[in-house]
Amino acid sequence: MFLVFKDPQAVAQFVSERLVQLIKDKPEAILGLATGSTMEPVYERFCQDAKAQGLDVSKITSFNLDEYIGLSSEHPQSYHYYMNKFLFDHLDFAKHQTFVPDGTPEDVELHCEQYSQKIADYGGIDLQLLGVGGNGHIGFNEPGTPFESRTHVIDLSDQTRIDNGRFFDSMDEVPKRAITMGMKDIMEAKQILFIATGPNKAQVVADLYASDYDEQMPASMLKKHPDTLFIIDEKAAAQLPPDAYQVMV
Ligand code: F6R
């Protein structure tokens, strides 16, 4: 069942309220964070709400979903850079507790293994934010990624590279590979907020609704997660049958 909000701002308000409440209840919460256009209004609203309420985020630990291979943390299109720009630099996050996969590790396999291990060592993710790609990817787990996977290197699909090409000056600059948290790491999060907004997500939302539990539609894994909210806006809901969603006011 999808929860449909009027627009991305209403989605952001709802998600921000959930984040604020979690952090009030558990100041040392472990967050799973995502990047991308979908999350920009979410982080903007969260920063506003956190500041207005004097929320202490200094005890938070966070794990990001993914990073492009080959981009250093200073690269403006890296997800390290994105997180600092849209979230970490605005609040009193303890930077050494904000983990993002390293896009330029010496030993990439070891780095992947250690990333999943570190999430487990911290006791697992309390709340995971997820966007969705036009092909159903979550994190950068492209269609066909095993549901049992841990953090790994992925070849980005042509569709993902084209979709994300909008952030780069030319297609040649769009990385071909990324490191992503695995499907199983995501599935182990205690709570998941799946978020899709805008007309470009209407098709994938309808495909997800129609899909079985199927590795070709990565987001369909969430149908078996015990505590996932599917949060979308009216434009992303445009191709859903009316009985597939509940309108939120
Ligand atoms: C980003 C990520 C991706 C994006 C997805 C949607 O960390 O994990 O799965 O959430 O590609 O991106 P936007 O929000 O830009 O449409």
Side-chain angles (χ1 to χ4, degrees), residues 7-9 11-12 15 31-46 62-69 71 73 75-88 98-103 112 115-116 119 125 127-145 149 151-168 174-187 189 192-205 207-208 217-222 228-233 235-236:
D7 53 26
Q9 283 65 42
V11 165
V15 173
L31 302 181
L33 299 177
T35 61
S37 312
T38 311
M39 298 301 151
E40 289 179 22
V42 171
Y43 294 144
E44 189 182 352
R45 179 66 196 235
F46 175 69
S62 67
F63 289 92
N64 262 77
L65 284 165
D66 39 21
E67 179 59 285
Y68 290 116
I69 292 211
L71 300 196
S73 53
H75 192 290
Q77 297 312 332
S78 74
Y79 288 165
H80 278 84
Y81 192 96
Y82 173 107
M83 290 309 299
N84 288 331
K85 179 173 170 190
F86 290 105
L87 183 62
F88 299 148
T98 61
F99 301 107
V100 181
D102 181 356
C112 289
Y115 199 74
S116 286
I119 296 171
I125 290 168
L127 183 131
Q128 175 71 54
L129 298 182
L130 283 183
V132 64
N135 60 5
H137 74 220
I138 51 177
F140 269 142
N141 292 286
E142 299 282 32
T145 305
S149 58
T151 303
H152 60 282
V153 174
I154 188 100
D155 290 328
L156 296 174
S157 69
D158 290 344
Q159 184 180 347
T160 296
R161 292 188 67 245
I162 291 165
D163 287 348
N164 289 5
R166 69 190 191 279
F167 297 113
F168 293 82
V174 184
K176 294 192 169 62
R177 297 192 306 154
I179 297 182
T180 181
M181 205 187 271
M183 296 297 276
K184 199 159 188 194
D185 301 307
I186 294 171
M187 195 64 171
I192 297 176
L193 303 183
F194 168 97
I195 308 168
T197 55
N200 295 341
K201 297 294 163 72
Q203 184 65 53
V204 70
V205 164
D207 291 347
L208 169 59
M217 169 51 71
S220 69
M221 176 183 72
L222 305 174
T228 293
L229 294 181
F230 293 90
I231 301 160
I232 63 176
D233 73 349
K235 293 207 164 97

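Remember, it's 1-based here, ligands and their atoms both numbered in the order they're listed.
- The protein atom (non-hydrogen) at minimum distance from atom 16 (O) of ligand 1 is Lys201 NZ, 2.6 Å.
- Tyr68 and Phe168 have perpendicular rings, their planes meeting at more than 60° on a 0 to 90° scale where under 30° would count as parallel.
- Proximity to Leu65 (heavy-atom distance under 4.0 Å) selects the following atoms of ligand 1: 8 (O).
- Across Asp66 and Phe140, no two heavy atoms sit closer than the pair OD2-N, 3.3 Å.
- The N/O atoms of His137, backbone and side chain alike, include one that comes under 3.5 Å of an N/O atom in ligand 1.
- If you check which protein heavy atom lies closest to atom 1 (C) of ligand 1, you get Thr35 OG1, 3.1 Å.
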I'd like to know whether Thr145 forms a side chain to side chain contact (heavy atoms under 4.5 Å, CB included) with Ile154, so could you lay out the CA-CA distance, the side-chain angles of the two residues, the decisive distance to 0.1 Å, and finally the verdict. CA-CA 9 Å; Thr145 305; Ile154 188 100; 3.6 Å; yes
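- Distance check: Leu33 CG to Gln128 CD gives 7.5 Å after rounding to the nearest 0.5 Å.
- If you look at Arg166 next to ligand 1, the close heavy atoms, those under 4.0 Å, all belong to the side chain.
- Remark: side-chain polar atoms of Tyr43 are not paired, donor with acceptor, to backbone N or O of Lys85 under 3.5 angstrom.
- Ser116 places a side-chain N or O within 3.5 Å of a backbone atom of Thr151 that can act as its donor or acceptor partner.
- Taking every heavy atom of Gly36 and a limit of under 4.0 angstrom, the matching atoms of ligand 1 come to 14 (O), 15 (O).
- For atom 8 (O) of ligand 1, the choice among Leu156, Asp66, Asn200 with the nearest heavy atom turns out to be Asp66.
- Residue nearest to atom 9 (O) of ligand 1, selected from Gly131, Gly136, Gly139: Gly139 (by heavy-atom distance).
- Contact annotation: Met39 has no heavy atom less than 4.0 Å from any atom of ligand 1.
- Checked by atom type, the side-chain pair Asn64/Tyr82 shows no donor-acceptor distance below 3.5 Å.
- Scanning Thr38, Asn64, Val132 for the heavy atom closest to atom 6 (C) of ligand 1 points to Val132.
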